[in-house]
Every structure is written in structure tokens, then in C-alpha cells.
Amino acid sequence: MQYAVELGGEPFNLEYTLESGQVFRWENKGEWWYGPVDGGVLKVKQDRDLLYCESSSDGLDASYVRRLFRLDEDLKGIIGTFMKGKVMTNAVQRFYGLRLIRQERWECLASFVLATNSNIPSIRRMVANTCEKFGEPLLYEGLRYRRFPSAEKIAEAPLESLAECGLGYRAPFLKRVAEAIHEGRLELSELALLDYPEAKELLLKKLLGSKLLLGVGPKVADCFLLFSCDKDEAFPIDVWVARALAHYYPRLFGETTAKRLASKSTRSLSGSLYDSISSKARSHFGKYAGYAQQYLFMLARINGLA
DNA sequence: GTCCAACCTGTATC
DNA sequence: AGATACAGGTTGG
């Protein structure tokens, strides 16, 4: 089906949004973006205040697109809650219209489990290989796409086949998470009902602590909660965000913490350091800290912080 | 509790 | 060419 979505003055930049490392399956062909989402293929092109859309199925309609890109939210208002200081002002101006995407939960969690200690091209490859091997095929415009494989499919996949997707040591992580879901020990939609601290504690203390999950540390948990559970205060800290904080916001933290952050910002953060930094960042940037994080992430990358 | 080496794999750099 | 470093962290000791 074909349709258009009017932004009605809401700031939105499709390119920034899709290239901000939140999603790993969208592809750019000419002026169109193709996204295998929710059992179909969605095709989007932006012309200023208008989004031209085409999709393979009726479910992928205008309201789906609004929901996916969170277009009914007042981005200006949201930005206003965290845009204090020169750095954030610059970041927001530079990437104006960048929005959080509301992803499917299982795909989001699985993708970020695969993202650990990796880079974007590599993550895209791992996800693509996994979909190619385990996802259901679907045809659109004469080309074959793949759905993201179900948790059941991954749970039942032999570890060796998963490893063939180039997942490396992440293969058992992914399988374990899939098993937890498939066996009904982990219900992502229920997790999404909890508020942020509860959901995160459940993921990390209960589920990870009991080894029911593997490969879901604080960063992966935050990505999952922010990108697929509407936990806008979640503040994922990867190396880029750590560098941005160390570089631009050293005074946000106590001297000891700032030093540890500066020295560690090229490597991974320990659990306690992660907690203290992300809680400081959350109280500084407020209830939409997750949006702020996304702008900071982009800024750090464009400036090649290291 | 906290620290840190090891980890799959592909690519860049020397 | 072969070695080394590093990438959107997490694990296990």
C-alpha cells in the first residue's frame, strides 16, 4: 500500500534517525529507505514535512509509521527538557530531528546482545546472517527479504548453526536469551510494564544474576529498555557516550569518578562505575535522558572523540 | 564488592 | 605477509 504521513511541523530527520545506531536492518536505496519490520517491508522517503511511504502489508500503515518513529510526541518540548548548556545545544542543532525509534522488543534485545564489543558494520552483518539463516522469507517488489527470526526459532537452533552466522562468543548468549523467552521465563511485554528501575533490576539482578540470561549487561539492558520499552530515562553508556561525558561533562561527576571515566572511556566500564555515571547523567538530563544520550552519541561520533 | 584478562570476528594499520 | 589494535560489553576468575 502507498500513503503519505504529514509531520505537521514536528521535527523529524529520517536519515539521522535511521543512521543513529538504533536499528541495524534498514537499507538506503536511492532516496528510499527499506525496513523489514513487523512481518513486512516498509519503504519510506522524506521530503521536508512529508513522509512518502509504501509497504508490503496493510498493517504497516500511517499509524504504524507514527508509532514507529514516535511522531506524535512533541520533540521540541522533549528537547527543551534536556537542552541546557552549550554542548547539548550544539548537538541538538547539528542533529535536529533525530528521534528515538520504537522497536519490536525481541528483535531489539537480540540485536543489542549481538552488538556487544562490536561495531556497526559487523553488527549489521551478524543480524543479516542470522535473519538469512533463520528468518522467514518474504517477497516485496520482486526482491526477497527476511523476517527477524522468532525467539523460538533461535532457541531451537543448534549452537553450531548460530555460530555460522559469525556471532562468535555471542552465539550462546543469543541462544540463552531466546530460550528464556521461549520457555516463558522472560516475558518482554511484562517487563515493559514495569517502570525503569524495576525493569532494569529484574533484568540484571534476577534474570542475569541467576544465569537465566547471558550477554545482557547494563548497556544492553538500557538499549533494550530505551529503544523498545519506552523507558525514556534509560541512558545507555557505550564507549562513545562515555567519551562524550568524559570530554564534555567532566564536572558532572566527582573528581574520582571523572578520573576513572577519563581513563576508562576507551575501554569498558565496570558495573558500579556504569551505575554511578548513568545515574548522574539521568539526574542531569532528566526524564528524557535517553534522547539526550542519542544526541550525545551522534556528537561524539561526528567529532571523532577518542 | 571490585578489578581485569579473555573473548569471536572483521577490518585497519603498521 | 604476519602481527597488532580495536570495535556501540560481558563473563568468569
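Atom set for the values below is all heavy atoms of this structure, side chains included, hydrogens, waters and symmetry mates excluded. Here is how names work: the chains are called A, B, and so on, in the same order as the sequence lines, proteins then strands, and each is numbered from 1.
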Would you check if the distance from the ring center of F112(A) to the ring center of F227(A) is below 6.0 Å?
yes
Whether R243(A) contacts dA7(C) is assessed here as follows: a side-chain N or O lying under 4.0 Å from the phosphate OP1 or OP2. Is that the case?
yes
Does Y52(A) have K45(A) sitting over its ring (NZ/CZ under 6.0 Å from centre, angle to axis within 45°)?
yes
Rounded to whole Å, please give me the gap between CD in E164(A) and P in dT9(B).
11 Å
When you compare dT11(C) with dG10(B), how far apart are their P atoms, in angstrom units rounded to a whole number?
23 Å
Between dT11(C), dT10(C), dC8(B), spot the one nearest the side chain of L208(A), thanks.
dT11(C)
What about Y274(A), does its side chain sit under 3.5 Å from the base of dG9(C) through a donor-acceptor pair?
no
Pairing check on dC8(B): which nucleotide meets the Watson-Crick or G-U wobble criteria with it, both distances under 3.5 Å?
none
Quick test of your reading of the model: are E201(A) and K206(A) salt-bridged, counting only N-O distances below 4.0 Å?
no
Rounded to whole Å, please give me the gap between CG in L162(A) and P in dT9(B).
13 Å
Rounded to whole Å, how long is the line connecting atom CG of L174(A) with atom C1' of dT9(B)?
16 Å
Need one value for S20(A): base, sugar-phosphate or nothing, where a base atom within 4.0 Å counts as base even if backbone is also close, heavy atoms only.
base
Aromatic ring proximity F82(A)/Y288(A), centre distance under 6.0 Å:
no
Could you state the CG-C1' distance from L269(A) to dT2(B), rounded to the nearest angstrom?
13 Å
Would you mind reading off the distance between N129(A) atom CG and dC8(B) atom P, rounded to a whole angstrom?
18 Å
From C-beta outward on N117(A), which listed nucleotide comes closest to its side chain: dC8(B), dT10(C), dT11(B)?
dC8(B)
Find the distance L167(A):CG to dG9(C):P and express it as a whole number of Å.
16 Å
Run the salt-bridge test on E141(A) and K43(A) with the 4.0 Å N-O cut-off and return the result as yes or no.
yes
If the P atom of dA5(C) is compared with that of dA5(B), how far apart are they to the nearest Å?
13 Å
Quick note, S270(A) side chain, CB onward, closest among dC3(B), dG9(C), dA7(C) is dC3(B)
With a 4.0 Å limit, can you tell me whether R170(A) has a side-chain N or O closer than that to the phosphate oxygens OP1/OP2 of dG9(C)?
no
Checking contacts here: which listed nucleotide (dT2(B), dG9(C), dG12(C)) is nearest the side-chain heavy atoms of L214(A)?
dG12(C)
Measuring only the C1' atom in each nucleotide, how far is dT4(C) from dA6(B)? A whole number of Å is fine.
16 Å
Can you tell me if K211(A) touches the phosphate of dT11(C), counting only side-chain N or O atoms and a distance under 4.0 Å to OP1 or OP2?
no
Go through dT10(C), dC7(B), dT11(B) for me and flag the one nearest to the Y169(A) side chain.
dC7(B)
From CG of L305(A) across to C1' of dA7(C) the rounded distance in Å is 16 Å
Check whether any side-chain nitrogen or oxygen of S122(A) sits under 4.0 Å from OP1 or OP2 of dT9(B), and answer yes or no.
no
For the pair Q46(A) (side chain) and F12(A) (backbone), establish whether a donor and an acceptor sit closer than 3.5 Å, ignoring hydrogens and angles.
yes
Students often get this wrong, so: under 4.0 angstrom with heavy atoms, is P236(A) touching a base, only sugar-phosphate, or nothing?
nothing
Counting any heavy atom closer than 4.0 Å, what does V220(A) reach on the DNA or RNA strands: base, sugar-phosphate only, or nothing?
sugar-phosphate
Lys/Arg cation over aromatic Y34(A): K29(A), 6.0 Å, 45° cone
yes
In whole Å, what separates the P atom of dC8(B) from that of dG13(C)?
14 Å
Examine dA7(C): is either OP1 or OP2 under 4.0 Å from a nitrogen or oxygen in the side chain of S118(A)? Give yes or no.
no
Distance check needed: dG10(B) C1' versus I123(A) CD1, whole Å only.
13 Å
